[in-house]
Amino acid sequence: QKLGKSIFFIVFFEAVSAFLLVSIGMYLMYPDKLYQALVLGAVASATAPAATVVVLNQYKAKGPLTSTILAVVGIDDAISLIIFSFSVSVAKVLIKGGSLSIAKILFNPVLEIIIAVTIGIVVAYFVNLFFRKLRSPDQVLIRVATAILLIIGLSKQFHFSELLAIMSFGSALVNLNPIFDNRALSTITTSIGPLFYAFFFILAGARLDIKLLPVVGEMGLVYTLLRATGKVGGATLGAILGKAPTVVRKYTGMGLIPQVGVAVALAILVDKMFGGGQYGAEGKMLSEIVINVLLFTTIITEIVGPLLTRYAITKAGEKHN
């Protein structure tokens with residue numbers, strides 16, 4: 001609310017620009033695989049906040065650019081999940097060879113998004129209602145973990161996005177009751193986080209297929225360049241339209257390059273959706289290409305991204321360490 005409408009302009013244009021540029025680029029490389037282009041474009045729209053936040057904290061950055069980057073990376077993944085829902089719905093129809101109807105393109109994804117967000121908010125409401133008087137970090141942690149497992153179970157049963165539902169749950173919970181966002185609870189969750197991070201990336205890395213590297217390498221370089229162009233160009237356009245300060249217009253896009261976390265989670269989700277054989281050989285190849293492109297490009301973005309973020313806050317005069 002404090003940052004105003006410029007944030008929403010930036011988020012929308014940087015996410016959509018990355019999606020469009022990568023989708024078009026991948027389609028030009030493989031015109032017979034529109035479904036692959038759409039899925040890769042959707043994954044490209046996601047931004048990883050972790051590496052960027054670490055750089056901002058390390059240099060004690062503070063100012064309009066820092067505030068904008070933090071807000072954008074916080075909202076970006078929600079937009080990406082929505083883009084992903086639509087793209088996957090279209091990809092499923094294209095692989096099966098069916099006709100694209102309004103119901104398949106719009107109704108089903110919109111319904112899935114609404115259900116996911118609603119479930120997340122409702123579970124957060126009841127967690128706050130029943131446990132708002134708890135003050136022990138351990139007790140709150142157990143109950144929050146139980147709620148997350150409940151959401152995952154419901155998402156498996158009724159086929160909606162667990163990522164979007166959990167994101168909605170966390171966002172609603174900390175806004176309903178500040179106790180769920182205090183320092184003690186953050187310390188508890190931070191202490192157990194590295195274990196799950198390790199499991200997450202081990203499982204993701206286990207899907208890397210060395211034999212696909214010659215194909216993935218070329219695609220990965222094009223993907224990385226187009227995504228970076230979309231992020232930087234889209235953020236600049238959004239900042240101009242939102243009448244943001246000059247430093248925000250010039251440097252926000254540089255803080256949006258890292259891509260891991262939600263993007264890799266989406267790639268794993270593609271593997272679960274298409275890699276099981278229900279979409280034939282094309283589905284299996286799609287799942288392998290997406291996860292391998294993400295793993296290949298993550299190495300680049302996680303090295304280049306933090307360097308660009310540091311450069312941006314330095315040029316903006318917001319680096320204080």
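Tracing side-chain contacts under 4.5 Å through hydrophobic residues (I, L, V, M, F, W, Y), one never reaches V290 starting from I24; they form parts of separate clusters. Cluster annotation: V264 and I303 are assigned to distinct hydrophobic clusters (Ile/Leu/Val/Met/Phe/Trp/Tyr, side-chain heavy-atom contacts under 4.5 Å, transitive). In terms of hydrophobic clustering, with Ile, Leu, Val, Met, Phe, Trp and Tyr side chains grouped at heavy-atom distances under 4.5 Å, V232 and L241 are assigned to a common cluster. In the hydrophobic cluster analysis, where Ile, Leu, Val, Met, Phe, Trp and Tyr join through side-chain heavy atoms closer than 4.5 angstrom, V122 is grouped together with L129. Cluster annotation: V144 and F131 are assigned to the same hydrophobic cluster (Ile/Leu/Val/Met/Phe/Trp/Tyr, side-chain heavy-atom contacts under 4.5 Å, transitive).
Closest non-hydrogen pair, I151 versus G120, comes out as CD1-CA, 4.5 Å. Contact detail for G255 and T309: the closest heavy-atom pair is CA-OG1, 3.6 Å. The minimum heavy-atom distance linking R249 with K243 is given by the pair NH2-CA, 3.9 Å. Nearest heavy-atom pair across I95 and G283 is CD1-CA, 4.4 Å. When all heavy atoms of F13 and G234 are compared, the pair lying nearest together is CB-O, 3.2 Å. The minimum heavy-atom distance between L226 and L21, with the atom names listed, is CD1-O, 3.5 Å.
Each of T47, T68, L56, V11 was checked for a side chain to side chain contact (heavy atoms under 4.5 Å, CB included) with V73, and the lone residue meeting it is T47.
Between L286 and Y279 there is no side-chain heavy-atom pair separated by less than 4.5 Å. Taking the side chain as every heavy atom from C-beta outward, D76 and L256 never approach each other to under 4.5 Å. Side-chain atoms of V247 and P64, non-hydrogen and from C-beta on, do get closer than 4.5 Å to each other. Within the 4.5 Å cutoff, the side chain of Q36 has heavy atoms near those of the Y30 side chain. Inter-residue side-chain proximity for E218 and M29 is flagged as met; some heavy-atom pair is nearer than 4.5 Å. The shortest side-chain heavy-atom distance between F84 and S45 does not fall under the 4.5 Å cut-off. Proximity of F160 to I114: side-chain heavy atoms (C-beta onward) are nowhere separated by under 4.5 Å. Taking the side chain as every heavy atom from C-beta outward, I113 and F86 approach each other to under 4.5 Å.
Note that CG of L266 and CG of L163 are 6.0 Å apart. Values are rounded to the nearest 0.5 Å. Interatomic distance, CE of M219 versus CG of N292, reported as 10.0 Å (0.5 Å rounding). To the nearest 0.5 Å, the span separating CG on L65 from CD on E318 amounts to 4.5 Å. Annotation: the span from Y59 atom OH to R310 atom CZ amounts to 4.5 Å, rounded to 0.5 Å. Taken from CD1 in I166 to CD1 in I119, the straight-line distance is 12.0 Å, to the nearest 0.5 Å. Going from atom CD1 of I7 over to atom OG1 of T252 covers 7.5 Å, rounded to the nearest 0.5 Å.
A donor-acceptor distance shorter than 3.5 angstrom exists from the side chain of R227 to the backbone of A44, with no hydrogens or angles considered. Between the S80 side chain and the A46 main chain, a donor and an acceptor come within less than 3.5 Å of each other. Although no hydrogens or angles enter the test, the distance criterion places a donor-acceptor pair under 3.5 Å between the side chain of T301 and the main chain of T298. Looking at S171, its side chain never comes within 3.5 Å of a backbone N or O of S168 through a donor-acceptor pair. With hydrogens and angles ignored, the 3.5 Å screen pairs a side-chain donor or acceptor of E302 with a backbone N or O of Q259.
In this structure, F126 places its CZ atom where only 12 or fewer heavy-atom neighbours from other residues, nucleotides or ligands lie under 6.0 Å away.
Between Y311 and Y251, the ring-plane angle classifies as perpendicular under the 30° and 60° cut-offs.
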Legend entry - F169 and I148: CA distance, side-chain angles, deciding distance, side chain to side chain contact (heavy atoms under 4.5 Å, CB included) verdict: CA-CA 8 Å; F169 166 76; I148 291 173; 4.0 Å; yes
Inset, instruction - Would you please test I10 and V72 for side chain to side chain contact (heavy atoms under 4.5 Å, CB included) and show each step? - result: CA-CA 7 Å; I10 293 170; V72 170; 3.7 Å; yes
Inset, instruction - Kindly determine whether M273 and K92 satisfy side chain to side chain contact (heavy atoms under 4.5 Å, CB included), including the steps that lead there. - result: CA-CA 9 Å; M273 287 180 174; K92 288 178 179 178; 4.3 Å; yes
Legend entry - Full working for side chain to side chain contact (heavy atoms under 4.5 Å, CB included) between V127 and T146: CA-CA 10 Å; V127 168; T146 302; over 6 Å; no
